[in-house]
Chemist: 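My structure is below; once you've seen it, I'll send some questions.
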2 protein chains.
Amino acid sequence: MNATSLETPAVPVECLPRELVKSVVFLLGRLGVAVKMEAIEEFEQEGFGPWHYGVLALLEEGARQTQGKIADTLGVDRSQLVGLLDHLEERGLVERRRDPNDRRRQMVSLTAAGHRQLARFRKLVRRLEDEFLAPLNEDERATLHKLLLKTAAHRDQRYVLTA
Amino acid sequence: MNATSLETPAVPVECLPRELVKSVVFLLGRLGVAVKMEAIEEFEQEGFGPWHYGVLALLEEGARQTQGKIADTLGVDRSQLVGLLDHLEERGLVERRRDPNDRRRQMVSLTAAGHRQLARFRKLVRRLEDEFLAPLNEDERATLHKLLLKTAAHRDQRYVLTA
DNA sequence: TATTGTTATACTCTATAACTATA
DNA sequence: TATAGTTATAGAGTATAACAATA
């Protein structure tokens, strides 16, 4: 039984320095890392990681991408993507085919099983989001999203939502 | 010159999947990790890490903490805190004194130099925050803070701002 | 020679587990 | 025996660099 228990702790939980709690970047960093870790745990229970979800989601939007493009778009290293695709291919969720016009390139595409797995991933993410944002109502979530998106898009073009 | 350059890129930057960009938890995770990495870089240039700032900020609020209390409050492992305090003590920013009533305990307190370093850390964090939240005005930053705090406090008592 | 995908290597961070000295 | 602090060890995750095939 530790201090994070739901029961009233014998010793009151010490608060973080006000200075930190008042800082937007501190909260952003802490929450961001926390949500990432929770996501990793959730995906791991199904034998995957969050990156696998990103790859499948990207492939569904624009089929037949080369590995280089997938890696650059998602912001993962090309060498890292190899292992992710191996994992997905072994489970029959994606297919790799050499581009006949340039046999260095691999054209990656989603299989039917890949689409079904993507649906499962979406359910997982919805659950995670509902749990993590539990104290916020719909309006607040929309506001939070708007502010985060504005911040992200300012730093990185890839976040700009095109019409 | 890479694709993240400010110039108009020859090849248009591929967008992330809309599905991801529309997810609050995805943005939160990405931005959180990004701001953490930027903070680490900034602190590193002064020969420290973000944790050192947390320790100094905590010590200023409530002096003469034991190491266990500091570690639990900040959420770092006790064994990790040892190295952080070594680093700070070598530079004369904190002092460790054995508690005469229980010689297992170390009482840690801030020195005058520690206070001055804390002031420098604060300037660094203000700069980081201004840079990271550049696209948001004062009202938006306040709203973002409110929403993040509400989310964090719901998950972890240590974030509850006491009057 | 440059590029695509791949493999191998190294390094950082963290989590865990032993160890000491005190209680 | 249990606790506070310390040290040592091992693992995951990531970044870097070498490599093979093709252009």
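In what follows, chains are A, B, ... by sequence order, proteins preceding strands, each numbered from 1.
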Chemist: Could you state the CZ-P distance from A/R103 to C/dT6, rounded to the nearest angstrom?
Modeler: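 That distance rounds to 13 Å.
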Chemist: Could you list where the contact with chain B starts and ends along DNA chain D, reading 5' to 3', using a 4.0 Å heavy-atom cut-off?
Modeler: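 Footprint of chain B along DNA chain D, 5' to 3': D/dA2 to D/dT7.
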Chemist: Taking NZ, NE, NH1 and NH2 as the nitrogens, is one of them in A/E38 or B/R155 under 4.0 Å from a carboxylate oxygen of the other?
Modeler: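 Judged by the 4.0 Å cut-off on N to carboxylate O distance, A/E38 and B/R155 do form a salt bridge.
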Chemist: A/Q106 has an atom CD; how far is it from atom C1' of C/dT6, in whole Å?
Modeler: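 Value for this atom pair: 10 Å.
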Chemist: For the helix from C/dT1-D/dA23 to C/dA23-D/dT1, what angle separates the axis at the start from the axis at the finish, each from five pairs, in steps of 10°?
Modeler: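 Helix axis angle between the two ends: 20°.
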Chemist: Under a 4.0 Å heavy-atom cut-off, which of residues 74-102 of chain B touch DNA chain D?
Modeler: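 Here the set is B/R78, B/S79, B/V82, B/R96.
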Chemist: Between B/L20 and A/V33, is there a shared hydrophobic cluster once you connect ILVMFWY residues whose side-chain heavy atoms come closer than 4.5 Å?
Modeler: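 No; tracing contacts between hydrophobic side chains, which count when under 4.5 Å, never links both residues.
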Chemist: Rounded to whole angstroms, how far apart are NZ on B/K36 and P on C/dT12?
Modeler: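 Rounded to the whole Å, the gap is 15 Å.
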Chemist: Salt bridge between A/D99 and A/R104, side-chain N to carboxylate O under 4.0 Å?
Modeler: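 Judged by the 4.0 Å cut-off on N to carboxylate O distance, A/D99 and A/R104 do not form a salt bridge.
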Chemist: Applying the side chain to side chain donor-acceptor pair (under 3.5 Å) test to A/Q67, which of A/R78, A/R105, A/R96 qualifies?
Modeler: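 Passing option: A/R96.
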Chemist: Return the orientation label for the A/F48 and A/F121 ring planes: parallel under 30°, perpendicular over 60°, tilted otherwise.
Modeler: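 Perpendicular, since the angle between the ring planes exceeds 60°.
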Chemist: Do B/V108 and B/V82 share a hydrophobic cluster (ILVMFWY, side-chain heavy atoms under 4.5 Å, transitive)?
Modeler: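 No, B/V108 and B/V82 fall in different hydrophobic clusters.
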Chemist: Do the side chains of A/L59 and A/M107 join up, straight or via other hydrophobic residues, at under 4.5 Å, putting them in one cluster?
Modeler: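 As far as the 4.5 Å side-chain criterion goes, A/M107 and A/L59 are not connected within one cluster.
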Chemist: Answer yes or no: is there an ion pair linking B/R141 with B/E129, defined by an N-O contact shorter than 4.0 Å?
Modeler: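 Not counted as a salt bridge, because no side-chain N and carboxylate O are separated by less than 4.0 Å.
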Chemist: Answer with yes or no whether the hydrophobic clustering places A/L161 together with B/L16; edges join I, L, V, M, F, W, Y residues whose side-chain heavy atoms lie under 4.5 Å apart.
Modeler: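 Same cluster.
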Chemist: Output yes when A/E60 and A/R122 qualify as a salt bridge under the 4.0 Å nitrogen-oxygen rule, no when they do not.
Modeler: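 Answer for the salt bridge query: yes.
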Chemist: What integer distance in Å separates A/R105:CZ from C/dG5:P?
Modeler: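 Those two atoms, CZ and P, are 7 Å apart.
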